[in-house]
Each structure stands twice: as structure tokens, then as C-alpha cells.
Amino acid sequence: MVCSAAPLLLLATTLPLLGSPVAQASQPGQSQAGGESGSGQLLDQQNGAGESALVSVYVHLDFSDKTWPHEVSRTLTLPAASASSSPRPLLTGLRLTTECNVNHEGNFYCACLSGYQWNTSICLHYPPCQSPQNHQPCGCLVFSHPEPGYCQLLPPVPGTLSLNSQLQMPGDTLSLTLLLSQEATDLSWFLRHPGSPSPILLQPGTQVSVTSSHGQAALSVSNMSHHWAGEYMSCFEAQGFKWNLHEVVRVPLKATDVARLPDQLSISRATSPGFQLSCCIPSTNLAYTVTWSPGEGSKASSFNESGSQCFVLAVQHCPMTDTVYTCDLQSPGLAPLRVPISITIIQDGDITCPEDTSVLTWNVTKAGHVAQAPCPESKRGIVRRFCAADGVWGPVHSSCTDARLLALFTRAKLLQAGQGSPAEEVPQILAQLPGQAAEASSPSDLLTLLSTMKYLAKAVAKARIQLDRSALKNLLIATDKVLDMDTRSLWTLAQARKPWAGSTLLLAVETLACSLCPQDHPFTFSLPNVLLQSQLFGPTFPADYSISFPTRPPLQAQIPRHSLAPLVRNGTEISITSLVLQKLDHLLPSNYGQGLGDSLYATPGLVLVISIMAGDQAFSQGEVIMDFGNTDGSPHCVFWDHSLFQGRGGWSKEGCQAQAASGSPTARCLCQHLTAFSVLMSPHTVPEEPALALLTQVGLGASILALLVCLGVYRLVWRVVVRNKVSYFRHATLLNMVLCLLAADTCFLGAPFLPPGPRSPLCLAATFLCHFLYLATFFWMLAQALVLAHQLLFVFHQLPKHRVLPLMVLLGYLCPLGLAGVTLGLYLPQGQYLREGECWLDGKGGALYTFVGPVLAIVGVNGLVLAMAMLKLLRPSLSEGPPAEKRQALLGVIKALLILTPIFGLTWGLGLATLLEEVSVVPHYIFTILNTLQGVFILLFGCLMDKKVQEALRKRFCRAQAPSSTISLVSCWLQILSSPSESMSEGIPRPSSEDMGTARS
């Protein structure tokens, strides 16, 4: 209370009155400011004689000195009126309510005495005193002139505050419940930390939840720790007064709250006769005492430093053997908290690391142990160095972090959890970030600074608050300093601990940068590493939005007017913020999403962030055209997707595509959404060749035509060529290969006409069918090789059709179907099933390997079978030689496999080569030619090279000519093509429907 030379007293009197039913209180001319009853109040005219009434009378007393008589400070009881007295008001008691003092500036500090308070109407119009008595709301106000009013008598408390327990264990959930008997408004929750002069507002956050209903309100705090210990207050208005109900909550410390230095120690008795141990605890509302054990021959002490209390044990003599010292922290009513510290005594013959005083002092340490040293002054943490098993010191690892930066980090983290008002706290923390960024000297400082910015961004996004220019400038200055930090000494070491540190910075800055107040637009800011331009537009948007930045090369961006039309129609003001962060792309982790692979790309040295806010809502859908200037290599237009790689972020191509700028070699990008953009350049990537696409279509067309011809040939000669079981099995497998490859080529040829992407069911179905059918083609080829191997190994063993055909169907169809299904279920949820912009397996995410791998394995098995066949047929024994007809059939199988296996093996060997980033365009062309002409190869080497097929065709179409020369064979085929109707009417046997069905199965 501020005193003056002339203190004055405002008081109220309570008058029990006797006498006339019509009476008037004294001093009718005075007014009552802040009271419910005023001076000059008339008594109830219905009161009868002899009854008493209470009235309040305003009395102003001045005292010439700084004190007043002691008798006035208590309730006075005046003599009662005699019965013979005339009926008039009698003063029977006097009670003080308000005490005022005047300071040297002439302001009146008026405080309410116990049981009284300024009512809400007065409290809202005058400022409170700096130190309100007993922390009561409206207990003391400041007036600029004498106010004819006084504090009012408080009614009974209109509510009760209860909690589940005043002692909350770490990790528990605190529950506070307020039950109200009167209607209440402006309900707020506060927490006053131990030793803190002012309470902190509690709002919904990651740990705080607030609920309210009629007559009841509740506060819940999860995962309690010592940061949440203190006095909880529920403040509200009811019955014209402000009320403050409170409960004190205590939270014991846990082991991780105790800082030990060291937490382990190896020491030599010869070089170090004694040592010192310490354990430090943060400030708390619980009183702790410490007992060290063993404590004999040691000296214990304690000291306080900023925000913590440290207990020290100075051991005078080293123990003879390994010992565990215990720091026992005890608080009344709680179980002791025991913190162990292991001491290892170095014995003679032990391998040790020598003493090192080059930078810090490292004492002799036993091999396999970690030496520890304290951080420099104003730092928190510990410095560690491992002594290897061979007695060689390892690198130094420091967790030292600036104490002021740690305080900001804790403040920001608690702000996101629910402690404090983001509108007030965020600008205050941002104001200190530039200085902290300039003083950051360790990887721990950098990581703590980035985490602080992350928590601030989350608090701003959740509370939807807006920043003024000053706060945004502080953010951008701090960001510029962070981007300018030394990469080798800070960023590289920080990324070794948290590879996603750059992604954390990007997300925080792009969240905070778009939170500028509307009245602060337009806003332009430029620093070497940070450039920002923000504009506000009304409902009438004139034309396309365009922006340019003076980077090298110059960066330009444009948003067409039609993308902003939905926002313009709503009639809301929109703000567009464009932000360039230079050097950041080099600090982001090398994570590449679908369609980009795992190769390292070059970047232009910057990231462009574009955001649109319509009111307080972010608008993420919109078309943006960006020109990144001249780039080397093949550009990939990308954006940073924070949802990739388990939330750590990565580059993605989805929704972005590169466009060729007319008459310019610049990298121009078109994206269908707004976020952080950049360009990836890969000098070795093969650009899209129109000739490859044309060659693919022509080759697939030729393959489909050849397969159809193959089916026609089989329809003509089927009964002739399947006279023995070996021939039957061979041609049955070949027929199924033809059917599968024909369906696969047809599906693949039509896939480019389908809408690409994982959200297209047709594209997914086409990819799955192509995968399954192409695999089935090769599995039937494997079935053919296995039949050949069986006939060569078991010459006299007969193969019954009814057993072999089901096994061939299982191998030829169920195996590839299972592989295709597993691939779909495994890679589709990860976004790595479809190739970017195509309906085919992704070659970078691993899905394509589920096709190429089995194909190459089948080619390898076929190669082994062929080698075995060549040895068997070139060197047959007299007893194992097959019959002549069967031998001819086996030779037909061998010839077909001998040609098809190397061709298919070479094809998919080149297919693997095309997945490499460094490969030239030549393997792409060779692979396309061989892959698309597989149907032609099957027709030529699998069907037409068979002697039985040639004889059947020659008997049917070329009876008059012996195909003794190439000319006669060509003329024979010309006859076949020129007279198909005639040839179909001849008597060449055709395959029956039963045979065809059996072959397809």
C-alpha cells in the first residue's frame, strides 16, 4: 500500500434504526459509487414502529498524519438509545471497508479490507494496483481523484472448488471441478508457480482440457510433472463480484528431473585422492532434503543457482573398491527418491585412456567407460567422451545448451501444452529469438532453437492468433541467422542427431509467416537468406497475381485469377504471402517420394513458400506457375511434403509437373496446390523421348498381331502337333503363354488412355492385370522347362496328363496371382505401387522388383535346364536314350528355350539397367524393342520353328512345292495368306474345344 502525508479513510456505517416508519438517512446529498445501496436511501415505508433497518452511509475521514486512532480500526459498538428518546435514527456500530492512500503523483490507491471487495462495475473502469492484497480480484484499485464510493460486503461464496488429489504423482492426470450455486460468467483458470508473483492463464492445449456446463466447470491436466505444480485458481464473475477460488497442488520429482554430475565415474586412487559428486533439482513447492550414502569421510553442502538447487558431496578419500553412491532426496510424506552414481576404481593393470587437457580436462578413465565434464558457465547439460576398449579416446559429445535458450524452449513447450496466452507469449518469445540465434554455438543450441520455433508455430496454428510486423520481423531475422549458421560445425552435427531438423525449420517458418495481421499489409522484408512479400486483396481481385524475387537466377511466380475465383466470390479479404528461403534446400534431408527414387539431386539453392489466407482459414488448393530460371540437367518440379516418411518430410512430385518455357531454357513448374516448392535437377536422368513412346506402341502392335497369328496356326495344326505327351505339354504351355502375353500386351497398350494415379480404380486394375499376366507368361515358360527337366532326368517315367496339368495350372496362374496380390497390398498403402503419371509398377519404390526378380530367376532356372539338356542329348547312353519321336519332341523344346531364354534374359537384364540413374538412352531403346516384340519371338521360335508345325502347314498349303529353299517357303506363306478361306475348308485337323480348354487351364 502506498502511503502519503495525508492518508484518508473511506468507510461505511451500518445503522440499526428504531423509530418512525418513515425515516431518512443522514447526508442525503452524497452518492454511492460502487455500492448496491446508496446514501440518502429511504427506508421501507412498510416497516412498523420499533423495527430496525440497515442502511449504508458514506463517511469520508481525513487524518493529518499517516495513521489513525487504533479504536477506529475495529468495529465500534455505540450505546443504545433510551426508551424515552424520541424516535430517530441511532448509530449503533461502525465498520471499516476501504482504505486509501495517495502517492506523490496524486493517485489514490484504494484497497478493500477483509470481507469486502470492489464490485464488477467499478473494477472494470479502473486499473488494479500493482500488488493486490492477498491476490484477490478487485481488492485494490487506482483512482485519479477521490472517488465517493467504497468496497462492498461480499455475499457467501457462490461455488466450491474440488480436486481429485492435492498430491499428484508424475504422469497422473489432475482433475479440478468447480460447482456453482449462482450463474457465473467470464470463467478462467490460472496457475501460479511457486515463487511466481503473477498467475499464468491456462487454455486448452496438448495437456490441458477445459469443459463447462450449466452450474459446473472442470479443468483436466494430463501427464503431470513439476512444471504443473503450484496454486490453481478458478476466476469468475457472479452476483456483481469477481471471485477467485484456489487449490494448491504438489507434484513430486522423478528421477529424470534430477541432474547428476557425473552419473558415472572411473577414477584412479593414485592420481585422484578424492572427487566430488552433485545432484541438482529444479525449483518446486515441495521441500527436499538430501542424504548421501555412503557419507563417511565426506563433506556435504548445497547451493542455489537460477531455477535449481544443487546438493554436493565432496569425497575426501577414494574407496578401495567399486562403489555406488546414492543421492537420497526426501520430502515429508513422500517416499525417498534415490539417484545412484556409480564409481569405478581403476586397478593396476587396467587399460585406461590417459589424461587429456587439450580443450577440457579429461582425467584418467578406464577403458569401456564414459568420462564426463561440466558445461561452461551459463550452459546446461554435460560433456561426454568415451574411452574405447583399446585405451583410445573417442570424439567429444556435448549436450551443453544455453540456459536462456532452454528457458525459452520450456516456455514455448508449456505454451503449446496449455500454459499461457499465445497472443501475449508468442511475440515476447519471438523478440528474444534473434539474439539467441546469434549466440548459438553448439548443435544442441541449434536443435533447441528449432524446437522452440516448432512449438511456437503449433501454438499459433491452434490458437489462430495473428502476429504484428514486429513479431514477424523477429522471426525472419532469427530464420536468416539460422540459415547462415556454419554448416560443418553446427548443421551437420545437428542433422546427425535429427536428420529432419531442416524440415522442422521449414514447417515452423511457413506456419508463422502467414499469420500477419491484416492491418499490417502490404509487408516486404529482405535479408540475404530470407525474402518475404505479403499483400492483402479485397473482394474485387483485379487480375492474375504475380510476384518476383531478385535471386540468382531471378525467381518468378504467378497465380491465375481463376484459381482465386472461389475465394473472391465469398467476399472475404485474402492475403497472399510469398517467402523465399535460400540455402534451406541444402539443409533438408534427402528424402524422395514416389517417382523420384533414392538418387541425390541438385537443387537451385532456395525454397519458395506460397500461402493464401482467406480470413483465418488457409487455402491450399490453387494453381501456381513458377519460373526458377536456368537449370542444368533434367528438372523435376517438387514440393516438400511434411507427411512423408513418418512425418519427417520428403520431396514429392504429386500435383506438379515441369513445363517447357517457349524460347527459354528455364525450369518452369506448374503445381495444383500451394506449399513449399523447389526444383530437383538430375543430370543423368533420361528425358522423356517421344520416339520411345512411338516405338512401344508399334512394338506392342506387332506383338499382338504375331500372337493372333500364333493362335490361328494352332487352330489349324493342333491335332497334328500333340500326338505324344511331351509335345502336348510343350504346346499346351506355349498356348497359355500366348494367351497371357496377348492379354497383357492389350492391357498395357490401353493403359496410357486411363487416368493415372492411385485414386483411379481403372489404373490400379490395369496395373494389377499387367503385372499378373506378364508374370503368368514367364511362369508358364518355367513350367515348360520343368517338364523338359523331368523327361531328361526320368527317361522311362511316364507323365500322366491328369496329374501334370493341374500342377502346371497352379504354377502358371496361382503363383503369379499371389505375387501380384502381395505386391499390391504391400506397396499401395505406402504410395509406392504406381509409377508417377503411369499405370505401371513404380520402378523406384521396389514394386517393379517383384516382377523383374521372379522373371530373372525363371530365366536363370531355364538356363540351368538348358545346360543339363545339352549335356544329356549330346552324350546319351545306350540304355537311357529316349525313343526317336520323343527325342524329336524334346529337341523342339530345347530349341525354343535355347532361343527364348537368352532373349528374355537379355531383355530384363536391360530392364534392370534402365532403373539406374546414370544409364544412357541406348539401353532404353534396346529394352523397348526386345520387350515389345516378345510376341513375335514366341511366334517365330516357339511355334513356327517346330518341325511338326512346319510339316502340318506344308501338307495343308504347299503340297505341290517342296520347301527346299527360302523362295519356296516364302511362296508357301504367300499362298497361306492369299487363300485363307480355302485352306480352312481342307481336311487339316483342328483342335477340339476340349483340347483348347485343357490347354488354357
Side-chain angles (χ1 to χ4, degrees), residues 36 117-124 128 132 134-139 152-193 196 198-225 227-251 285 413-426 458-466 615-617:
E36 293 184 357
Q117 188 184 110
W118 293 104
N119 68 16
T120 305
S121 60
I122 292 295
C123 192
L124 292 177
N134 300 324
H135 309 296
Q136 292 294 328
C138 297
Q152 301 296 299
L153 179 65
L154 286 171
V157 180
T160 58
L161 181 64
S162 61
L163 74 166
N164 55 349
S165 175
Q166 288 188 330
L167 181 63
Q168 297 286 324
M169 302 306 295
D172 287 352
T173 298
L174 170 67
S175 296
L176 281 157
T177 304
L178 174 66
L179 298 177
L180 296 166
S181 59
Q182 302 289 335
E183 183 178 357
T185 58
D186 295 336
L187 174 63
S188 299
W189 297 90
F190 293 89
L191 169 62
R192 191 194 311 278
H193 289 295
S196 176
S198 58
I200 299 174
L201 177 67
L202 297 180
Q203 293 185 325
T206 56
Q207 291 182 240
V208 176
S209 61
V210 178
T211 59
S212 61
S213 59
H214 182 69
Q216 182 175 335
L219 172 75
S220 177
V221 181
S222 63
N223 194 22
M224 291 290 288
S225 66
H227 293 293
W228 297 90
E231 181 184 15
Y232 284 81
M233 295 180 290
S234 175
C235 301
F236 58 93
E237 294 182 14
Q239 296 178 293
F241 293 96
K242 288 190 175 182
W243 300 90
N244 184 353
L245 306 182
H246 55 87
E247 288 282 355
V248 176
V249 174
R250 300 177 301 157
V251 183
N285 59 351
K413 187 176 181 180
L414 291 176
L415 183 64
Q416 188 212 2
Q419 281 193 34
S421 171
E424 298 177 3
E425 297 275 347
V426 171
K458 289 183 177 180
V460 168
K462 182 175 180 60
R464 294 186 177 181
I465 65 172
Q466 295 175 329
D616 60 350
Q617 297 292 329

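- A donor-acceptor pair under 3.5 Å links the side-chain atoms of Gln117 to the main chain of Lys242, judged by distance alone.
- Atoms CG and NE2, from Leu180 and His214 in turn, are 9.5 Å apart once rounded to the nearest 0.5 Å.
- A donor-acceptor pair shorter than 3.5 Å cannot be found between the side chains of His227 and Gln207.
- Counting only distance, with no hydrogens or angles, the side chain of Asp172 and the backbone of Asn223 share no donor-acceptor pair below 3.5 Å.
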task: Using the side-chain contact (heavy atoms from CB on, under 4.5 Å) rule, take Leu154 and Trp243 through it: C-alpha gap first, then chi angles, then the decisive distance, then the call.
output: CA-CA 10 Å; Leu154 286 171; Trp243 300 90; 4.0 Å; yes
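- Between the CD atom of Glu424 and the CG atom of Leu201 there is a distance of 8.0 Å, given to the nearest 0.5 Å.
- Residues Gln239 and Pro156 come closest through the heavy atom pair OE1-O, 3.7 Å.
- Of the N and O atoms on the side chains of Gln166 and Glu247, at least one donor lies less than 3.5 Å from an acceptor on the other residue.
- Between the CH2 atom of Trp228 and the NE2 atom of His193 there is a distance of 7.5 Å, given to the nearest 0.5 Å.
- Of all the heavy atoms in Trp189 and Ser234, the pair that sits closest is CZ3-CB, 3.7 Å.
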message: Leu202 vs Gln419, test: side-chain contact (heavy atoms from CB on, under 4.5 Å). Steps then yes/no.
response: CA-CA 5 Å; Leu202 297 180; Gln419 281 193 34; 3.8 Å; yes
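- The two residues Ala217 and Leu187 come nearest to each other via the heavy atoms CB-CD2, 3.1 Å.
- One distance of note links CG of Asn119 with CG of Leu153; it measures 12.5 Å at 0.5 Å rounding.
- Residues Ser181 and Gly159 approach most closely at OG-N, 4.1 Å, considering heavy atoms.
- The side chain to side chain contact (heavy atoms under 4.5 Å, CB included) test with Phe236 singles out one residue from Leu178, Asp186, Asn244, and that residue is Leu178.
- Annotation for Lys462 and Gly205: closest pair CE-CA, 4.0 Å, computed over non-hydrogen atoms.
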message: side-chain contact (heavy atoms from CB on, under 4.5 Å), that's the test. Do Val248 and Tyr232 meet it? Break it down for me.
response: CA-CA 6 Å; Val248 176; Tyr232 284 81; over 6 Å; no
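- Closest approach of Pro422 to Gly420, counting heavy atoms only: CD-O, 3.5 Å.
- Between Ser220 and Ser209, the closest side-chain pair of non-hydrogen atoms falls below 4.5 Å.
- Rounding to the nearest 0.5 Å gives a distance of 7.5 Å between CD1 of Ile465 and OG of Ser421.
- For the pair Val157 and Leu245, the minimum side-chain heavy-atom distance is below 4.5 Å.
- For the pair Leu163/Thr177, no side-chain contact is recorded, criterion being any heavy-atom separation below 4.5 Å from C-beta on.
- Looking at heavy atoms from C-beta onward, Val249 lies in side-chain contact with Met224 at the 4.5 angstrom threshold.
- Here CZ of Phe241 is found 5.5 Å from CD of Gln152. Values are rounded to the nearest 0.5 Å.
- Between the side chain of Asn164 and the backbone N or O of Thr173 there is at least one donor-acceptor pair closer than 3.5 Å.
- Between the side chain of Ser188 and the backbone N or O of Cys235, no donor-acceptor pair lies under 3.5 Å.
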